[in-house]
Amino acid sequence: MMINLGEVSALADDSVPRTNWSGNFHYSTNKVLQPTTVAETQAAVRSVAKVRALGTRHAFNGIADSQTAQISTLKLNDVSIDAKASTVTVGAGIRYGDLATLLDAKGFALHNMASLPHISVGGACATATHGSGMGNGNLATAVRAVDFVAADGSVHTLSRDKDGDRFAGAVVGLGALGVVTHLTLQIQPRYDMTQVVYQNLPFSELEHNFAAIMGAGYSVSLFTDWQNGVASELWIKRRVDQGGAAAPPAHFYNAKVAIKKLHPIVDHPAEACTDQLNIVGPWYERLPHFELKFTPSSGQELQTEFFVPFDRAYEAVRAVETLRDKITPHLYITELRAIAADDLWMSMAYQRPSLAIHFTWKLETDAVMKIVPQIEAILAPFQARPHWAKVFTLGSAQIAKVYPRIEDFRALAKEFDPKGKFRNAFLHDHADLG
Ligand SMILES: Cc1cc2nc3c(=O)[nH]c(=O)nc-3n(C[C@H](O)[C@H](O)[C@H](O)COP(=O)(O)OP(=O)(O)OC[C@H]3O[C@@H](n4cnc5c(N)ncnc54)[C@H](O)[C@@H]3O)c2cc1C
């Protein structure tokens, strides 16, 4: 179905905020098109010279920015379950929290979720967003097929079954191949989980037990402010079908089990957090740290995250710790998570089991921009990869050193976008996609 230009102008939506979620980044265009169908997405792409896809605006940097136009995917949110194939095909703009509720009601689940359920599936997969778990790949590893509209408005599908390596290049696409309209995700039977929090785990315990600690549950997170040589909290999320309802021991590697619900930042109110204290609940209310019905914070924050090979995790943590007195004054909290290796070319966990070292900063941009390069320098010997959607300063030359398939990715992007319709300043500066 062809859509004419008059109809395209009807897709303009001036209600989409012109900043990202955090408010630290102002988009450079007021033009937002909001298609509701694949045909409208094709028409929207054809109608503009340059454009970027926009999901739920949770990236902390300019990756979604455009000087010309953005295509919001939020009205592409249909859901179709194929129970026989154990897959679900979703519109790219659906939020994980909304999808999870629908899946659970039909008896299905996803393998993992991020710390909050408010992000779009398309935006999360485009940037290799992850949760935690030694055996869990990032959220994009659940993708079995991806449908997108390329620069000339044509529709393409790449699938793991049929397109192998090219598919692996397209999934974490950074918005550079086109506007993803639908993703087909692997699903599994629904499961219940529990969550238990321990307090004050000494860093020294990580030296010989890091893998055992991060593997103590299906999904495990450590939180620290880098002071006193301790992880202030250890969150262990266990699956009931893997023995996860058993009473937790009172002590775990010298950490003590919490007896009340805690926020990752010890003195913050825990109301918005998902249930802890070993209370059984559905997977989608235990894997994320925060509940869908709450906005997890005021948005007054910045985030940075670096991925190091898991076999050097302890060394990397101790290296960052040497910067503690510079980091802590500007930090809300650091979170350490484990991610399984994958084969997605632009994934931060590409071909290496990883530890992600995350920083939730106060919204003190100048101070943060001074400390981030120091963290990057101290983690350079670990070939650290920055999270694509968070604050970092590494340029394309440094990025190229840690992404062995980047040349292939540039070629793939060029195939679907020969004239650079989907390129922006961020992709130019950090991936040499100009
Ligand atoms: C409070 C908070 C908590 C977070 N927690 C985590 C976490 O636990 N783990 C983690 O890894 N990350 C986390 N993030 C980062 C977040 O997952 C990423 O920023 C992710 O990209 C957000 O998705 P989005 O839809 O909001 O993306 P947007 O900011 O809207 O876009 C990000 C990128 O994705 C591209 N994109 C979006 N949709 C499409 C599409 N349909 N087709 C093609 N490209 C598309 C955009 O062009 C852009 O390049 C968090 C962010 C916030 C603000």
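Worth knowing before you read on, the calculation uses all heavy atoms, side chains too, and leaves out hydrogens, waters and symmetry mates. Whatever order the structure lists ligands and atoms in, that order sets their numbers, starting from 1.
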Any N or O on [X] sitting closer than 3.5 Å to an N or O of ligand 1?
X	value
Leu116	no
Tyr27	no
Phe60	no
His58	yes
Gly123	yes
Trp21	no

Shortest non-hydrogen contact from [X] to [Y]?
X	Y	value
Leu174	Arg52	O-NH2, 2.8 Å
Glu305	Ala356	OE2-CB, 3.4 Å
Arg410	Ala431	NE-O, 2.9 Å

Using a 4.0 Å cut-off to any heavy atom of [X], which atoms of ligand 1 qualify?
X	value
Ala114	7 (C), 8 (O), 9 (N)
Leu174	49 (O)
Ala389	18 (C), 19 (O), 21 (O)
Leu54	30 (O)
Ala124	23 (O)
Arg337	7 (C), 8 (O), 9 (N)

So that I know where these two stand, are [X] and [Y] an aromatic pair - ring centroids less than 6.0 Å apart?
X	Y	result
Phe210	Phe310	yes
Phe223	His289	yes
Phe290	His263	yes
Phe359	Tyr332	no

Under-4.0 Å heavy-atom contact with ligand 1, by part of [X] that carries it:
X	value
Lys390	side chain
Asn20	neither
Thr73	side chain
Gln70	neither
Ala126	side chain
Ile119	side chain

Nearest neighbour of [atom] from the list [options], on a heavy-atom basis:
atom	options	result
atom 47 (O) of ligand 1	Ser115, Gly175, Pro288, Ala53	Ala53
atom 33 (C) of ligand 1	Thr181, Thr127, Leu427, Ile71	Thr127
atom 43 (C) of ligand 1	Gly178, Gly122, Ala92	Gly178

Worksheet item: side chain to side chain contact (heavy atoms under 4.5 Å, CB included) with Thr127: which residues, sequence neighbours excluded?
Response: Ile63, Thr129, His387, Trp388, Ala389
Practice prompt. Sequence neighbours left out, what passes side chain to side chain contact (heavy atoms under 4.5 Å, CB included) with Val32? Give chain and number order.
Written response: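 So Val32 forms a side chain to side chain contact (heavy atoms under 4.5 Å, CB included) with Val16, Arg18, Gln70, Ser72.
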Discussion item. With a 4.5 Å cut-off on side-chain heavy atoms, are Lys75 and Asp13 touching?
Written reply: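 Asp13 vs Lys75: side chains touch.
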Discussion item. Any non-hydrogen side-chain atom of Leu110 less than 4.5 Å from a side-chain atom of Asn112?
Written reply: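 A side-chain contact under 4.5 Å is absent here.
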Discussion item. Assess, by modelled atom type and distance only, whether the side chains of Trp21 and Thr56 contain a donor and an acceptor separated by less than 3.5 Å.
Written reply: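 Checked: Trp21/Thr56 side chains show no N/O donor-acceptor pair below 3.5 Å.
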Worksheet item: Heavy-atom count around His268 NE2 within 6.0 Å, excluding the residue itself: above 12?
Response: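 Counting neighbours around NE2 of His268, more than 12 heavy atoms of other residues, nucleotides or ligands fall under 6.0 Å, so yes.
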